[in-house]
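A note on names: the letters A, B, ... follow the listed sequences, proteins ahead of strands, and every chain is numbered from 1. All of these numbers come straight from a predicted model, not from anything done at the bench.
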Amino acid sequence: MTAYLLRRVLYALPILLGVNLITFVLFFVVNSPDDMARMQLGAKRVTPEAIATWKAERGYDLPLLFNAQAEGLERLTRTIFFDKSLRLFLLDFGTSDAGRDIGHDIGQRMWPSLAVAVPVLLVGLLVNISLALFIVLFRGTYIDLAGVVLLVAMLSISSLFYIIGGQFLLGKLLRLAPISGYAQGLEAWKFLILPVIVGVMGGIGSGARFYRTLFLEEAGKDYVRTARAKGLGERLVLFRHILGNALIPILTGVVVVLPLLFMGSLLTESFFGIPGLGSYTLDAINNQDFAIVRAMVFLGSVLYILGLVLTDISYTLVDPRVRLS
Amino acid sequence: MPVLLLTDAFVFLLLGLLLAYGLHAARHEHLRAPWRRVVASRVGLVSLVVLGCYAAIGLLDTIHFHPRLEPEPRPEAGSATAPVAGAGQSAPAHYAPEVLSLLDLWLAPLRERQEMTYSAPFATHLQAMETQTLADGTSQRVYPRLRHGGVHLANPDVDRGGDIAATLLLGMGKGLILWGLLVMLLGAAALTWRRGTWGFRAWWLGLRELARGRTRIPWRVGLLTLGLMLVLGWGLADLAVKYHVLGTDKVGEDVLYQALKSIRTGLVIGTLTTLVMLPAALLLGIMAGYFRGLADDVIQYLYTTLNSIPGVLLIAAAVLMLQVHMANHEAEYTSLAQRADLRLFFLCLILGVTSWTGLCRLLRGEALRLREADYVQAAQALGVGHLAILGRHILPNVMHLVIITLTLDFSGLVLAEAVLSYINIGVDPTMNSWGNMINGARLELAREPIVWWSLAGALVFMFVLVLFANLMADVVRDAFDPRCRD
C-alpha cells in the first residue's frame, strides 16, 4: 500500500509539471511580459522605463523558460517559469496580479464553496438513488417509461434554466429564500437553501438516469436470479441485493469528485453571490488575472489526481478482490 | 459575392466527410445495418427528422455572401447585430460590406423590422412609455404603436386575437396542404417504386400501408413529425411576418430571428469540436493501444495531464489568452464578422482539446483488446505491416465507438456553449447564440413587467435541439454497441 501510494505521488509530479507547462506556454505564446505590463499599467502614457519597473517588481524581467546567460543549473532556475510556476509545488501561490495573497484568499473562500457543494452532493445522492430505485422497482411498466422520458427531458434543460427559474420561482414569486448573497457562520443556511435546491434539481437528470442503468445492469446478474429463484420478494431483492452491490460503483464514483468539491461551482456561486472559490476563479477570469487562474488550475489538477488515488484506495476497501500493486 | 468564413469551410469539410461516409456505408452491408436499426426505431426516425430541420436551417445560415447593392443606396444599411464587415475588406464598390447568409435573406422580413426597444410577443405597442405631443399641443405619456408588429390592424385591441387566430390557421392550412401533397405524391410513390409495380392500385396500397404504419421503417411516425414541423413552421412563419412572435429585445431586434440565427452557432460548436478533436483522438488512441510500450506511456501521460486540468479553467485560460492577443493585435482582425468567427473556431478548438481525452482513453482500451484478437495476430504472423494492420483491422473495428461518442458528446457541447457564453468565455458577444441571448435576458427578469421572452425563446430552441440529440444518442448507442444487441 505504502509503495503504491509513493509511486502514485511520483507519477503525479510529471503530470503536474506538464499542467504548469501547458498553462504557462498557453499564456506566453500570445502574451509577452511587455504586453502584460502594458495592460496592467493602461495603454496610454507607458514609457519603456515604467514597463521595466513593473516587470522587475513582479519578477517578469527574466527569460521565459531558458536563461542562456546564467551558469549551470541556474540556466533553468533563473527563469519566469521556474520562479512563477514551480513554487506552486510547495503550495506557495504567491500574490495575484492585483497584489493580494492568493493562498490566504483560497483558504478563506474554500469554506463557502464547501458549504454549497457538500449538501448538493449528499442530498443529490439521496434523491437520485431513491428516484432510480423507484423507477427500477416499476421497470417494464409505464411508470418506468414516463420516468425515463422525464429524466431525459430534465437532462436536456440547460443548467442556466434551473438557476434562473429557481431564483425566479422560489426567490421572487414565492419569496421562500433570499435570491443571492451570503452570511458568515451559521447564518449562512438561509442563503444556502436556493443554491442547494437548484444544484440538486440540475443533477437529477443525468444522475438518476446513470444510477438506473447501474441498477438494471446489476438486476440482470446471476445472483439476482438465484435470489428470485429462492422465492425472495421483489422488494427484498431490490434493496438487499441490487442496492448493496450497485452502491459500489456509485460510491467509488462519488469519491472521484470529493476533492474537487473544494473548487466549488463557477456557475452556482456567481449566480447566487456566494464568495467561494468558483466565483473567485470567475472574477479572476473576468479581470484577466493570470496569477489566480494559474493557481486555480494547479489546485484543480492536484485535487483531480488526489481523487483518482482515493478512488483506487476506496476500491480496495469496498471490494476485497481488488489489490493495489 | 460569396464569402467563406473559417467555420464555413470546416462545416463544408464536415459535410463532405459525412457524404463520403454515407456513400461508403451505403455500399457495405455491415456498415449499413446499424444505421438501418437507427432508422427503424421510432424515436430514432423522429429525432432524425427534427435534427434534420435544425441542420437545414444551420446550413442555410452557413452560405455567406456580400449582398449586391441596389443602384441607389438603401437607407437601412444593415441592422445592428448583423455581422458587419469592416472597410478593410477589399470589396468591389457595388457590394455591401456586410456579410449575410442565405438564412438572412430568407428571414429578411424578420431581420429588417427593428423596433425601438422591448415589446412583448404579439404586441402591437412598445413595452416602454413615451411622451407624445398631441394635436392640441398637450403632451401625454403613452405606449407608442410598434413600427412593424401588427401595423396592419386598425384597431388592435379588438382585432388582434381574431387576426392572430386567422393567420395561424391559414398558415397551418398551407403547411397541411403541402405536407399532404408531399405524402401523397412522394411518400407513396417511393413505396410503390420500391415494390417495382406501378399504377393507381399499387399507389393506393402503398398509401394504405403507410397510413396503417405497417412499413418496416416507421415512416408513418416520421412523416407525422415532418407534418407537425411543417404545419407549425408555416403557421409561425405567416405570423412572424405580421407580428413579433417572440417579441423584441432591448434594441428592438426580433427574438425569433435571434433564436433562429443561434442554431448555426450551436450546431457548429457541437459538430466542429468533434471534427477537430477526432484525428488526434483516433490516431493517438489506437497507437497507444496497439504499440504499447513507450508510445503508450507518452500518450497516456499526455491525456492524463490534459484531463487533470479542470476543463472550464483551461477554456477560460485559453479564451482569456485569445482576448488579450486580439486586444494587443487589433490591426490584424479588421472585420467584426471575421473576429467573431475566429473566436468561434478557437472555442471549438479548445473545447476539442478538453474533450478528446475521453475518446482517446476509450479507443486505447479497445485497441489493447483488439491487438490480441486472432485476426490481428494472424496478420502479424503473415508479415503485414503495422500501418496496414492499423488501417485495415483496428480502425474499422473501433469506428462504432467513435460514432457513439460523437453523438453522445453533441448535446453536452451545445449546453456547454450556453454556459460558457454566460460567463463571458464563450462565443463573441456580437455573435448570435443562445448563451448570449440568455446572458442578455437574465437581468431583465427584474424588470416590471417581466421581460421573459428572450430567455424563453433561447431555452426552448436549445431544449428541443438537445432533447432530440440526447434521444438520438441513445438510439445510436443501442444500434452500434455490440453489447446492447440481442
Revision key, fill the gap. Of A:L17, A:I305, A:L16, A:I22, the largest count of non-hydrogen pairs under 4.5 angstrom with chain B goes to A:I22

Check your understanding: Which pair of non-hydrogen atoms, one from B:Q258 and one from B:S262, has the smallest distance, and what is that distance?
Key -> O-OG, 2.7 Å

Exercise for review: Using atom types as modelled and distance alone, determine if a side-chain donor or acceptor of A:S279 lies under 3.5 Å from a backbone N or O of A:G276.
Suggested key: yes

Point to revise | B:L465 portion near chain A, given a 4.5 angstrom heavy-atom threshold | key: neither

Revision key, fill the gap. Applying a strict 4.5 Å limit to non-hydrogen atoms, the region of B:V419 in contact with chain A is both

Exercise for review: Just give me the residue among A:G300, A:S301, A:S159, A:G307 that pairs up with chain B most often, heavy atom to heavy atom, under 4.5 Å.
Suggested key: A:S301

Exercise for review: Start with the C-alpha distance between A:R212 and A:D144, add both sets of side-chain angles, then the distance that settles salt bridge (charged side-chain N to carboxylate O under 4.0 Å, His left out), and finish with yes or no.
Suggested key: CA-CA 10 Å; A:R212 175 181 164 269; A:D144 184 17; 3.4 Å; yes

Exercise for review: Against chain A, label B:I425 side chain, backbone, both or neither, depending on which of its atoms sit under 4.5 Å from a heavy atom there.
Suggested key: side chain

Check your understanding: A:E269 side chain to A:G278 main-chain N or O, any donor-acceptor pair under 3.5 Å?
Key -> yes

Exercise for review: Can you tell which part of A:L267 gets under 4.5 Å to a heavy atom of chain B, answering side chain, backbone, both or neither?
Suggested key: side chain

Review point. Of the listed residues (B:V464, B:V319, B:N307), which shares the most heavy-atom pairs with chain A below a 4.5 Å separation?
Key: B:N307

Review point. So, do B:Y422 and A:F271 have ring centers that fall under 6.0 Å from each other?
Key: yes

Check your understanding: Does B:R343 reach the main-chain N or O of B:G426 with its side chain, forming a donor-acceptor pair under 3.5 Å?
Key -> yes

Point to revise | Part of B:I309 within contact of chain A (heavy atom distance under 4.5 Å) | key: both

